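In what follows, a structure is listed as structure tokens, so that the remarks can point back to it.
Just so it is clear, the structure is predicted and the values come from calculations on it, not from any experiment. Position 1 is the first residue of the sequence, and the numbers go up from there.
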Amino acid sequence: MIVTIEGAGDVEVDPGVPLEAMLAAARAPAAVWCGGTRLDGAHRAGRPPLVEGAVLGSAPGPPSLPPAGPHLRIVAGPDAGAVVEATGAEIVIGRAGGAPIADPALSRRHLGLDPAGRVRDLGSRNGTARLRDGRARRVGRLRRRLRPDDLLMAGGTALRWVDPAGRDDAAAAPAPPSPRPVALLAGLAGAAAGAVAIGAATGRWAIAAAMAAAPLAVAAASLVRRRRARHGTSPVGLEALGALPLPIAVVGPPARARGVVRAVALARGAAVPGPLREDWMRWLDGALQDGDVRLVPPGDPPPSEAATVLDADAGAVGRDGRTVPWRVAAIAEPTADRLARALASRRPAQLPTALRWADLPPPVPAPRRTRRLVACVGLDADGPVELDLDGDGPHLLVAGTTGSGKSALLETLVAGLAHAHDPADLGVALVDLKGGAGLGGCASLPHVRGLLTDLDPSSARRALLGLAHELRERKRALAAAGVPSWGAWEAGAPDAAPARLLVVVDEFQELGALDPGFLPELARLAAQGRALGMHLVLATQRPAGAVSPAIRANVSTVIALRAATPAESHDLLGDAAAAALPATAPGRAVVVSPHGRTTMQAALPLADPRPPVRLLGSPLPPSRPLARAAAARWGRSDAAPPLWLAPDPPAGAVPAGALGWVDLPERRSRVPLAWEPRAGPLVVVGPRGSGRSATLDAVAAAMPGVVRLPADPREAARTLALVPAARPSALLVDDAEVACAALEPLVRGAAQALEEVARLVPVALACGPGWGTRWATRAGMTIVLGGLDRVEQALWGVPPPLAGLEPEPGRGVAVRPGGAGECRIVPVGRVEGRVLVRALACPADLPAGAVGVAGDEARPLVLPPTGVVVVGSPGPARDRALRAAAAAGVAAQATERLPPAPGIVLVVDPTPARLRELGIVAPPGLAEQAPPPGRVLVGRDGAYEAAQLRGPAGPSVL
């Protein structure tokens with residue numbers, strides 16, 4: 001409630017606060033007078049006269065409460081709105097005396113009013129008239145008793161007699177319908193004829209006269225009632241303003257017109273906007289729109305859109321093209337302030353527009369230890385509103401449009417329950433489809449066993465399987481305990497029963513788009529939750545169609561905040577009440593539970609109460625979030641085990657032999673990801689940048705002794721030829737499609753050759769989605785990394801629930817013949833492994849007698865001084881070989897054909913075509929399509945190996 005304290009201004013006070021606390025907070029200790037009543041320090045706010053709109057001052061002042069006894073209310077004239085009470089002595093009404101009225105048409109002492117409600121004229125110069133039942137009668141020197149609704153006309157002032165206790169039941173009850181005059185005359189004629197007949201027959205004319213008099217009296221009373229009903233109580237002055245159509249134009253002198261505007265505002269209980277607004281109008285509940293009331297200077301025409309014209313000078317009302325007289329009601333600003341405060345004092349108790357959780361009393365504790373999940377979430381007309389998940393649940397539906405306070409209500413509910421219950425008694429799962437903005441504040445609670453947001457859609461399946469696993473575990477636990485329900489288990493052994501579980505879903509309508517499988521799982525949870533100690537709180541902006549009938553059938557309580565349309569409100573409540581909730585009061589809600597229906601103001605999730613006395617408009621002190629206070633209360637408690645595992649792998653190295661981690665959300669576990677070579681090749685599929693090479697690095701780290709297929713085509717072909725005999729732990733092939741394309745000129749059917757090698761040694765290869773899909777059928781394990789579309793993932797065996805992972809290096813799906821699971825590769829850095837074929841490059845420390853380097857080991861090539869033949873066509877390549885031999889002290893001969901005698905030959909330009917031309921059958925990996933300068937084939941007694949000759953200006957010709 002709001003009161004005004006002298007020296008402090010308007011102050012907001014909680015009901016029940018003692019006056020001394022109010023004055024101490026406002027620093028106004030002397031303001032103990034409320035109107036004409038001196039209050040003591042223990043007087044509590046909310047008890048009359050200290051009610052809404054009251055004024056506290058250091059001296060007696062005008063009352064802010066409307067009079068409770070009989071009084072005259074001025075309804076027209078220059079001082080309209082003022083009140084004259086019938087007190088213990090006769091009051092003189094006029095321009096002077098006990099009740100002065102600023103009406104120049106009144107005499108100084110115009111009329112008198114005594115405590116019995118009788119009036120008399122005091123010899124005024126223009127007299128006093130009383131209007132009753134449409135008839136005016138002059139009031140003279142003799143006192144005349146007033147009846148309720150009588151109107152006194154004195155000068156330019158009209159006064160209405162109001163006596164709250166003056167109407168008896170007969171007067172207050174509706175009069176029976178009066179017969180029509182024709183029927184009355186017919187009845188009277190019949191009664192008279194009957195009376196004459198009786199008199200003539202019996203001779204007893206006295207009895208006949210009595211028989212005729214009774215119907216005559218009834219007819220007279222009926223005519224009086226008809227006359228009163230016809231005239232009734234006509235509204236005068238101020239009383240006539242409430243029903244006038246808008247817009248209203250007020251014409252007249254500025255001061256008087258301003259008074260009429262005040263009268264219009266008070267008659268409608270609505271403040272006037274713009275420059276016509278005055279400070280006292282803050283006490284009015286309603287508000288008119290711009291242009292509803294306008295001032296028109298005298299002589300100016302009223303605006304064409306005005307539906308009503310009030311002429312404050314001529315005293316007339318113009319509407320519908322007609323003008324009728326009107327007694328001008330002009331209200332002074334001090335009077336308007338008192339009247340507005342009086343209206344505010346009669347205002348029924350309203351819910352606050354802002355409320356903190358700390359302002360509410362805590363729930364009444366149970367008589368013994370129990371897990372009764374009760375949260376105090378708001379305030380209604382009868383006091384605090386508690387939600388009991390056992391009595392009002394087990395499941396709740398919260399609905400409200402944007403800005404209605406839905407997320408704040410959810411946070412109050414979750415944090416309030418967490419504040420009241422140990423994490424060992426309550427676990428919470430949060431599904432926040434607003435990116436974490438709605439329930440993110442509750443994530444720090446030790447009760448929280450999982451938080452799912454729409455920022456990580458891939459975790460939806462993880463959460464779904466985690467909830468399904470929790471349902472299965474609770475069924476097993478219930479069966480092992482041998483009890484029919486969770487409630488029975490808690491009643492018998494509250495310390496042995498596992499914690500209750502609360503699943504909260506914000507923006508429920510988005511859940512189907514996140515994961516279609518979530519809705520059936522929640523429906524199953526809703527159906528089985530009560531018996532398994534699980535509760536659902538579903539929040540949505542659009543309830544129609546979002547909540548399936550299977551879930552709605554198990555929802556016992558609906559909290560409807562402001563709805564966007566009446567149709568949505570009807571879907572929730574059966575009527576349009578939620579659509580009529582004010583947008584200016586976020587958190588206002590209609591609660592329908594098995595125990596009834598109420599309208600409440602939801603509390604904000606703040607843990608520090610507001611001061612009980614607050615200067616209106618001043619900022620409130622900051623408060624701790626309720627979730628933080630609840631987390632601090634249970635800070636030493638062990639964190640609840642998660643319902644589903646986070647997508648990030650645990651920190652630290654993986655176990656020996658593992659590449660990373662694979663999730664098993666259906667079992668709520670994470671196990672090392674290992675490749676078993678005996679099951680078949682390892683195929684790593686993904687676009688570039690998805691972590692293919694890092695996965696092969698992890699294989700190299702997990703399996704010491706691997707061999708990588710070199711990027712150089714000759715070295716790669718030579719490595720393929722040596723691998724079967726070398727028997728490495730695995731052959732690693734990165735960019736398999738590129739490697740096979742480069743090998744094809746040297747090894748026909750390179751892809752087939754790679755498959756042949758895979759039959760002899762373990763092979764782990766990485767490729768793009770469009771190459772080698774036939775490997776998927778024979779692979780012992782396929783790791784499909786993120787970044788592929790759903791069709792590509794399906795071709796590689798990814799099940800639909802695991803398709804569509806967010807692209808992230810090293811994150812993918814491990815597909816085995818027995819199933820699939822989301823996996824993460826732990827990066828380990830580059831691991832080279834064994835090298836079977838070294839690059840042919842002459843080092844700087846090559847011995848002086850070496851012609852170059854040769855063989856798979858790139859050893860120094862030393863030739864005998866004689867007996868060497870250089871085979872090749874005349875040209876630069878053969879000349880370069882001859883110079884290299886001569887530089888090493890070797891006498892070499894040149895020829896175009898192989899010599900018939902065995903010996904040492906250097907074949908220059910060793911392309912496949914040249915070797916076929918010479919009839920040389922060389923092992924794979926010796927010939928090249930475009931040999932570099934200085935590359936030769938060294939033959940010794942029919943055995944060949946590749947070699948690189950030393951260059952003339954350095955160690956190599958390269």
Side-chain angles (χ1 to χ4, degrees), residues 354-358 360 373-379 385-389 392-421 426-445 447-454 463 500-511 522 526 534-543 546-547 551 555-563 572 578 581 585-593 600-607 625-631:
L355 183 67
R356 294 182 177 184
W357 176 85
L360 301 172
L373 297 183
V374 179
C376 201
V377 296
L379 197 68
V385 175
E386 294 183 353
L387 288 180
D388 185 343
L389 293 185
D392 299 327
H395 312 307
L396 310 179
L397 174 62
V398 181
T401 188
T402 301
S404 63
K406 174 167 52 65
S407 296
L409 172 59
L410 290 180
E411 187 172 346
T412 300
L413 174 62
V414 173
L417 286 171
H419 192 277
H421 294 85
L426 174 65
V428 180
L430 304 176
V431 181
D432 186 353
L433 303 184
K434 294 170 68 174
L439 295 171
C442 296
S444 60
L445 292 169
H447 309 69
V448 172
R449 301 184 60 186
L451 172 62
L452 172 65
T453 72
D454 52 349
R500 297 278 192 97
L501 179 63
L502 178 68
V503 181
V504 184
V505 184
D506 195 4
E507 303 300 338
F508 179 75
Q509 73 277 1
E510 304 295 335
L511 197 57
L522 283 184
M534 303 177 73
H535 305 272
L536 275 176
V537 177
L538 306 179
T540 178
Q541 290 188 30
R542 301 185 301 273
V547 183
I551 295 178
V555 172
S556 302
T557 295
V558 174
I559 303 177
L561 294 110
R562 183 168 54 87
L572 290 167
L581 293 174
R588 192 66 51 84
V590 179
V591 183
V592 179
S593 72
M600 75 165 183
Q601 177 64 39
L604 296 172
L606 298 175
L626 177 57
R628 186 188 304 170

Checklist outcome for this item: Taken in chain and number order and not counting sequence neighbours, the residues that satisfy side-chain contact (heavy atoms from CB on, under 4.5 Å) with L413 are A375, V377, L387, L396, L417, V537

Checklist entry - Considering residues at least two apart in sequence or located in another chain, which fulfil the salt bridge (Lys or Arg N to Asp or Glu O under 4.0 Å) criterion with R562? => result none

Item to check | Check: L397 and T557 side chains under 4.5 Å, non-hydrogen atoms | outcome: no

Checklist outcome for this item: For A415 and A630, the nearest pair of non-hydrogen atoms, with its separation, is O-CB, 3.9 Å

Next on the checklist: Checking V590 now: which residues fulfil side-chain contact (heavy atoms from CB on, under 4.5 Å) with it, not counting sequence neighbours?
Outcome noted: L573, A577, L581, V592, R597, T599

Next on the checklist: Quick check: closest heavy atoms across L355 and Q601, and the distance to 0.1 Å?
Outcome noted: CD2-O, 3.6 Å

Checklist outcome for this item: When every non-hydrogen atom of L536 is compared with those of H395, the smallest separation belongs to N-ND1, 2.9 Å

Item to check | Any pair counted as salt bridge (charged side-chain N to carboxylate O under 4.0 Å, His left out), so long as it reaches residues 404-418, sequence neighbours left out | outcome: K406-D506, K406-E507

Checklist entry - Shortest non-hydrogen contact from A429 to L501? => result N-CD1, 4.3 Å

Checklist outcome for this item: Here the gap from C442 atom SG to L626 atom CG, rounded to the nearest 0.5 Å, amounts to 8.0 Å

Item to check | Atom pair CG (D388) and SG (C376), whose distance is rounded to the nearest 0.5 Å | outcome: 12.0 Å

Checklist entry - Is the shortest heavy-atom distance from the side chain of D392 to the side chain of S556 under 4.5 Å? => result no

Checklist entry - Can you name the nearest heavy-atom pair linking T412 to A603, along with the distance? => result OG1-O, 2.7 Å

Checklist entry - For A408, which residues count as a side-chain contact (heavy atoms from CB on, under 4.5 Å) partner, sequence neighbours excluded? => result L604, P605

Next on the checklist: If you define the side chain from C-beta out and look only at heavy atoms, does anything of L379 sit under 4.5 Å from V385?
Outcome noted: no

Checklist entry - With a 4.5 Å heavy-atom cut-off, do V504 and L439 have their side chains touching? => result yes

Checklist entry - Do L445 and V414 touch side chain to side chain, with heavy atoms closer than 4.5 Å? => result yes

Checklist entry - Quick check: does any side chain N or O of H447 sit under 3.5 Å from a backbone N or O of A418, one acting as donor and the other as acceptor? => result yes

Next on the checklist: As an exercise, state the distance from CG of L373 to CG of L389, rounded to the nearest 0.5 Å.
Outcome noted: 5.0 Å

Item to check | Where L561 and G400 come nearest, the two heavy atoms and their spacing | outcome: CB-CA, 4.0 Å

Item to check | Contacts of H535 that satisfy side chain to side chain donor-acceptor pair (under 3.5 Å) - sequence neighbours left out | outcome: R500

